[in-house]
Amino acid sequence: MSPIDERTEATPLPLRARVSASRRDTTTDADWAAFEERFDAESPRLGELFRRIYGEGAAASEQLALLAIDCAQSWQRRPADLRALDSRRATLPDWYQSNRMLGGVCYVDLYAGDLAGLRSRIPYFRELGLTYLHLMPLYLAPEDNSDGGYAVSSYRAVSPSLGTMTQLAELAAELRANGISLVLDFIFNHTSDEHEWARKALAGDPEHEAFYWIYPDRTMPDEFERTVREIFPDDHSGSFVPLPDGRWVWATFHSFQWDLNYRNPAVFRAMAGEMLHLANLGVDVLRMDAVAFIWKQLGTTSENLPEAHLLIQAFNAVCRIAAPSVLFKSEAIVHPDQVAEYISLEECQLSYNPLQMALIWNSLATREVGLLSQALERRHAIDPGTAWVNYVRSHDDIGWTFADEDAAELGIDGSDHRRFLNSFYVNRFEGSFARGVPFQDNPRTGDCRISGTTASLAGVEAHDAGAIDRILLAHSIILSTGGIPLLYLGDEVGQLNDYGYLEVPAHADDSRWVGRPPYPASAYATRADPTTDAGRIYQGLRQLIEVRGYTSEFAGGRLVPFGTHNPHVLGYQRPGADTTVLVLANFSDGAEEVSAETLSGLPERAMDLVSGHVVTLSGGVTLGAHRFLWLRLG
Ligand code: GLC
Ligand code: GLC
């Protein structure tokens with residue numbers, strides 16, 4: 001018997017029978033057969049994961065059976081165009097590895113007012129070349145402070161100021177018709193304290209109390225807090241916050257974001273239902289928010305625990321059964337070893353690349369490429385079929401998440417170096433070009449991160465002469481290392497920090513808002529004018545995007561390190577089918593040379609894809625300040 005048969009037989013028959021009973025009269029034989037095939041292939045994995053997380057008790061088995069039925073019902077509700085998309089993508093499993101993939105991210109309200117406004121920006125997205133659009137959380141959320149939408153009160157409703165669920169589904173379809181995949185957040189670690197489940201829990205409903213981590217007094221909170229990290233210490237110390245009735249609830253982030261208790265299988269099933277609802281709206285990629293925190297265990301940091309992986313794999317299996325073309329993107333802003341653990345076809349096919357992001361800024365500050373080069377050599381390769389999402393900055397702070405042990409090998413002391421980077425980027429370091437703002441400065445632990453827009457961090461705000469070249473250099477890396485490059489929309493026209501957040505009471509304590517300016521209309525208006533900053537940045541980026549689009553070597557993620565023997569010049573090769581592109585990038589403020597000897601194994605001449613010029617390699621190559629070459633060899 002083949003292993004597949006064994007696994008199929010292991011599916012408990014009652015489960016299969018209950019699922020079959022949920023077939024509706026209107027479901028065609030073909031659609032039902034497609035479902036059953038996937039159910040038989042994937043449900044053993046789901047069952048096994050469920051047993052590993054929740055054991056074999058009756059409560060867990062019942063939740064698993066109900067979940068299986070939810071899957072069948074959700075598939076039958078899945079709109080026909082999405083089921084067609086599922087079939088197409090099954091034949092093109094690596095569609096997201098294309099060198100034409102280009103991501104953008106924005107807040108609907110800040111960028112376009114509302115969903116209708118966002119629709120009207122689709123022509124611009126096409127002009128830019130986007131194929132992937134992440135809309136920041138747009139769900140119903142508390143009015144006053146919702147952590148930028150990351151405190152969700154209902155996954156089934158769009159915030160009324162932005163539009164309706166129907167508009168969202170229509171937008172998804174329109175984006176798809178324009179070649180753009182919609183990315184939305186699946187914020188599954190916590191809900192807002194205004195979510196129906198939270199309200200019921202607060203009112204003492206035992207079923208919903210069991211959805212959260214609620215304790216009558218400080219005994220257990222004190223125990224847990226011995227070993228967990230403080231994430232937003234400006235909001236509250238420790239992990240627990242008091243409730244009006246004197247009880248305590250776990251809130252990793254803000255006090256109004258209550259962590260869900262995944263030890264309760266009913267929570268998994270409930271959240272899987274919310275996930276499938278999003279999937280059926282036409283979401284192509286779910287950004288799996290705060291993955292590191294979803295499982296808690298006394299005596300541990302309660303981050304990155306093995307069960308967190310099992311849970312995400314179980315969500316993945318649910319999607320494979322009921323919404324098979326949906327992908328997961330991991331948001332783990334943690335040690336690089338742990339970032340990598342979330343990435344696989346069975347867990348998250350995509351992941352933010354926070355290490356590359358932080359090290360681009362590190363290289364711009366130090367003018368040296370040692371750490372970045374080491375990261376590309378050691379930490380860039382991930383499972384076949386998976387992809388990095390490479391970015392210069394996000395809506396969040398920048399944390400210096402390189403591994404201390406990697407830095408030590410290069411003679412760098414991790415904590416000293418982080419202190420330097422923080423002071424450099426908040427302009428406390430003499431001669432710094434950067435204008436960032438500290439985030440969650442925690443004098444007790446020495447932890448601090450920084451916030452700001454790309455242009456302000458790179459020197460535009462400080463009127464530094466190298467600023468625009470730095471912006472282009474930073475983006476040249478995310479566009480050429482392999483994976484999906486993700487632009488924070490507005491950065492492509494050089495938007496500056498927005499200090500207006502200090503006037504908004506709900507934002508004033510959260511410096512990440514400095515990097516979330518409203519739509520920079522005047523900068524966009526001059527994007528075609530190369531005498532403006534916006535025009536220089538935009539035209540420069542557009543050209544890189546276009547070149548990347550016809551450079552097939554940039555598809556996929558394979559990268560071969562190339563030692564330049566110059567501490568200021570980064571090198572790597574991107575092998576294609578017959579040819580290779582050699583990238584050289586100078587992070588120094590002056591001209592730098594890569595010697596003839598270093599280049600001696602290469603052809604005498606190569607075409608620089610960016611400028612279209614032939615470059616002679618045989619005598620060595622000199623790169624001006626912040627210049628880079630994309631050299632096609634052979
Ligand atoms: C993620 C988001 C961040 C939010 C947090 C809590 O890290 O990127 O903005 O504060 O999750 O949901
Ligand atoms: C979220 C927060 C960020 C924090 C990280 C920890 O991304 O926004 O500030 O560093 O979580 O994982």
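Throughout, residue positions are numbered sequentially from 1 according to the sequence presented. All ligand and atom numbering here is 1-based and tracks the order in the structure.
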Ligand 1 atoms in contact with [X] (distance to a heavy atom under 4.0 Å):
X: Gln257; result: 6 (C), 12 (O)
X: His190; result: 6 (C), 12 (O)
X: Phe253; result: 5 (C), 6 (C)
X: Arg512; result: 3 (C), 4 (C), 9 (O), 10 (O)
X: Phe232; result: 10 (O)

Between [X] and [Y], does any side-chain donor sit less than 3.5 Å from a side-chain acceptor?
X: Gln495; Y: Asp491; result: yes
X: Asn280; Y: Ser74; result: yes
X: His254; Y: Gln257; result: yes

| Taking non-hydrogen atoms only, is Phe188 closer than 4.0 angstrom to ligand 1 via side chain, backbone, both or neither? | neither
| task | Specify side chain, backbone, both or neither for Arg287, according to which of its non-hydrogen atoms lie closer than 4.0 Å to ligand 1. | result | side chain
| request: Could you tell me whether ligand 1 has any atom less than 4.0 Å away from a heavy atom of His395? | output: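 Yes, that is the case, since the closest heavy atom of the residue is under 4.0 Å from the ligand.
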| Residues Arg218 and Glu223 bridged, charged N to O under 4.0 Å |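 Glu223 and Arg218: not salt-bridged.
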| query | Can you check whether Asp289 has an N/O within less than 3.5 Å of an N/O in ligand 1? | reply | yes
| Is the cationic atom of Arg121 (NZ for Lys, CZ for Arg) positioned less than 6.0 Å from the six-membered ring centroid of Tyr111 and within 45 degrees of its normal? | yes
| Is the NZ or CZ atom of Arg418 both under 6.0 Å from the centre of the six-membered ring of Phe402 and within 45° of that ring's axis? |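 Judged by the rule (NZ or CZ under 6.0 Å from the ring centre, within 45° of its axis), Arg418 counts as positioned above Phe402.
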| task | Using atom types as modelled and distance alone, determine if a side-chain donor or acceptor of Asp441 lies under 3.5 Å from a backbone N or O of Cys448. | result |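 Such a contact is absent between Asp441 side chain and Cys448 backbone.
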